[in-house]
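Hydrogens, waters and symmetry mates play no part in the numbers below; they use all other heavy atoms, side chains included.
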Amino acid sequence: MIRRTLVQMTVWNSTIVFCLFVMLGGALYGLARYQIYSDIDRHLTSDIDHMKQVILGTGEQIVTIESKEPERYILGYWWDSNDTLIQPAYYEAQYLRLGSILRKKQSHRGPESIRMGEKTYRFVSRPYQGNLPKIEKLSDTPLKTVQIITEISAEVYYLNRLLWSVGIGIGVGALLSIIAGYALARRALIPIQKAWDKQQQFIADASHELRSPLSVVQGQTQLLLRHPDHTIEEESVPISAILKETKRMSNMVSGLLLLARGDSHEEVIICKPVRVDGIIKEIAQNMEPIMDYKQLRLQLHVEGTEFLINGAEDRLIQLFMILMDNAIKFTPEHGQIDLECVRQGKSVVVTVKDNGAGISERDLPLVFDRFYKGDSARDRGDHGAGLGLSIARWIVDQHQGSVHISSEVGHGTSVTIRFPMLVR
């Protein structure tokens, strides 16, 4: 699926980038062509509108153009009412061939291009305004149309070169668009790939964790069916095993549901001012019987009172119980657990520290992953699902806090949680 999505995204990204290249190249060529032709057309229009006849000091009458535009070589064509070309100065073949084309275009008022051989010309036509008496004398009939024409072969050549350059650029752009499209698709799919891998790992881990308790429940149930006449007391051992594994599966499913709802933002924590110091003291008091049973020492240190944070009391209790439960599991008999709550600046810092087995440097970055169990948990035969610290981090995140774990194998683990404090 990821590969197919990668191909589809590459095609889409490449198409979009290629279209951008085409639009940019087309806009560049269109702008250049418009600018060149508009300059030529403005020059021709200005020349034909300012054409007049003047008398030199020698008495010679000439046709001249009064224009501020830069000089450009032009040819003039005058047509009488019989569509006869008035040729005042020369009878060159090129001139006459152009005339045969222009004769049919006398009614075309706007600037227009014509091509003859390998050369391109641009011309403008206007009705005769009676301002050229010298030309009128060359014809027996009234003048009808005045045309001027100029060669634009050089401009067309450079426009064609530009078009070729744009085409080559678009070709190179097509190759670059494929490379860029693939790179963009790969980059966009990184979080999707990670999410997919995480989901697959999650399914595999959940299946693995559920297989063991289900096998136990199935096996113990089959043992019960072998002796249908036995009393509950006689079958208390398999029934106890079934209840234990059922409770384990129930806790696992509850944890998975909480994390899934948290991922989809369906689990909403309603926060209000809560005293963290009060929660810490309550937990320490409730844990005393367990500590005595495990032959562990609990060192409580609460520096100050009324450490208010914006939070949910039940979730905070769940958080601290997860940390205390982990500390108790991995601390040997006669070990010590330190529970501390202090103020640091504008934060409340809660620390749970033990002198137990510790966590290896290799496992430390992975302890918050779901279903992850370090070597110490496996060595001790711990039956937890590996969801506790994932839930703990989610609770900390929901309270805009931060959590940090430091540990050394054989010397214990320290978990530090920092919450923003409410200042009255």
Side-chain angles (χ1 to χ4, degrees), residues 209 212-213 216 236-252 254-255 276-303 316-342 349-393 395-396 403-417:
E209 291 295 331
S212 296
V216 173
S236 59
V237 174
I239 292 175
S240 176
I242 292 174
L243 289 174
K244 179 181 178 181
E245 296 302 326
T246 303
K247 182 179 179 181
R248 178 185 171 192
M249 286 190 294
S250 177
N251 292 336
M252 184 189 307
S254 297
V276 179
D277 57 299
I279 295 176
I280 295 298
K281 292 176 181 178
E282 181 182 350
I283 289 177
Q285 184 178 359
N286 295 336
M287 295 297 290
E288 284 183 1
I290 301 177
M291 301 293 289
D292 292 339
Y293 176 77
K294 295 285 187 176
Q295 299 184 24
L296 300 173
R297 296 186 305 276
L298 177 61
Q299 185 70 35
L300 176 64
H301 175 66
V302 178
E303 186 181 274
L316 291 172
I317 292 175
Q318 182 183 11
L319 166 64
F320 299 135
M321 288 299 296
I322 290 172
L323 300 182
M324 289 296 296
D325 182 61
N326 283 345
I328 292 172
K329 283 181 182 178
F330 301 110
T331 302
E333 292 183 355
H334 309 295
Q336 178 174 314
I337 297 175
D338 296 321
L339 181 58
E340 183 181 76
C341 179
V342 298
V349 179
V350 178
T351 304
V352 179
K353 183 179 180 181
D354 64 68
N355 58 355
I359 305 171
S360 67
E361 186 177 353
R362 181 192 63 187
D363 292 333
L364 200 57
L366 307 174
V367 293
F368 291 111
D369 292 350
R370 299 171 190 181
F371 296 110
Y372 186 81
K373 297 180 182 180
D375 294 336
S376 58
R378 297 188 180 94
D379 294 341
R380 292 173 61 88
D382 180 71
H383 294 289
L387 296 175
L389 287 179
S390 297
I391 296 174
R393 184 173 64 176
I395 295 174
V396 172
V403 58
H404 174 72
I405 296 182
S406 59
S407 184
E408 185 178 352
V409 176
H411 292 81
T413 302
S414 177
V415 182
T416 302
I417 302 175

TODO: Might you confirm whether atom NE2 of His411 has over 12 heavy atoms from other residues, nucleotides or ligands at distances under 6.0 Å?
DONE: no

Open item on the list: Quick one, Met287 and Ile328 - any side-chain contact, counting heavy atoms below 4.5 Å?
Closed with: yes

Task: side-chain hydrogen bond (donor to acceptor under 3.5 Å, both in side chains) pairs, two or more places apart, involving residues 280-293 - done: none

Open item on the list: Given 3.5 Å as the limit, does a donor-acceptor pair link the side chain of Ser407 with the main chain of Gly412, or not?
Closed with: yes

Task: Non-hydrogen side-chain atoms of Val403 and Phe368 separated by less than 4.5 Å - done: yes

Task: Atom pair CD1/CG of Ile337 and Asn326 - distance to nearest 0.5 Å - done: 10.0 Å

Open item on the list: Is the shortest side-chain heavy-atom distance between Thr413 and Ser406 below 4.5 Å?
Closed with: no

TODO: Could you grab the distance from atom CD of Gln299 to atom CE of Met291, nearest 0.5 Å is fine?
DONE: 10.5 Å

Task: Heavy-atom side-chain contact between Val350 and Glu340 under 4.5 Å - done: no

Open item on the list: Once rounded to the nearest 0.5 Å, what's the spacing between atom OG1 of Thr331 and atom CD of Gln336?
Closed with: 10.0 Å

TODO: State, with a plain yes or no, whether a side-chain heavy atom of Met324 is found less than 4.5 Å away from one of Leu298.
DONE: yes

Open item on the list: Just verifying a value: how many Å separate His334 NE2 and Leu296 CG, rounded to the nearest 0.5 Å?
Closed with: 9.0 Å

TODO: Kindly compute the distance separating CZ (Phe320) from CD1 (Ile395), expressed to the nearest 0.5 Å.
DONE: 9.5 Å

Open item on the list: A quick test of your reading: do over 12 heavy atoms of other residues, nucleotides or ligands sit less than 6.0 Å from CD of Glu361?
Closed with: no

Open item on the list: So which atom in Asn355 and which in Gly335 form the shortest heavy-atom distance, rounded to 0.1 Å?
Closed with: OD1-CA, 3.6 Å

Open item on the list: If you compare all heavy atoms of Ala327 against all heavy atoms of Val352, which two are closest, and at what distance to 0.1 Å?
Closed with: CB-CG1, 4.2 Å

TODO: Could you point out which residue of Val342, Asp338, Leu339, Ile280 forms a side-chain contact (heavy atoms from CB on, under 4.5 Å) with His301?
DONE: Val342

Task: Side-chain touch Val349/Ile417, heavy atoms, less than 4.5 angstrom - done: no

Open item on the list: When you compare the side chain of Thr351 with that of Val415, does any pair of heavy atoms fall below 4.5 Å?
Closed with: no

Task: Side chain to side chain, Phe330 and Asp354, heavy atoms closer than 4.5 Å - done: no

- [ ] Measure the spacing between CD1 of Ile283 and CG of Leu316 and express it to the nearest 0.5 Å.
- [x] 8.5 Å

TODO: Quick one: do Lys247 and Leu243 satisfy side chain to side chain contact (heavy atoms under 4.5 Å, CB included)? Show the steps, please.
DONE: CA-CA 6 Å; Lys247 182 179 179 181; Leu243 289 174; over 6 Å; no

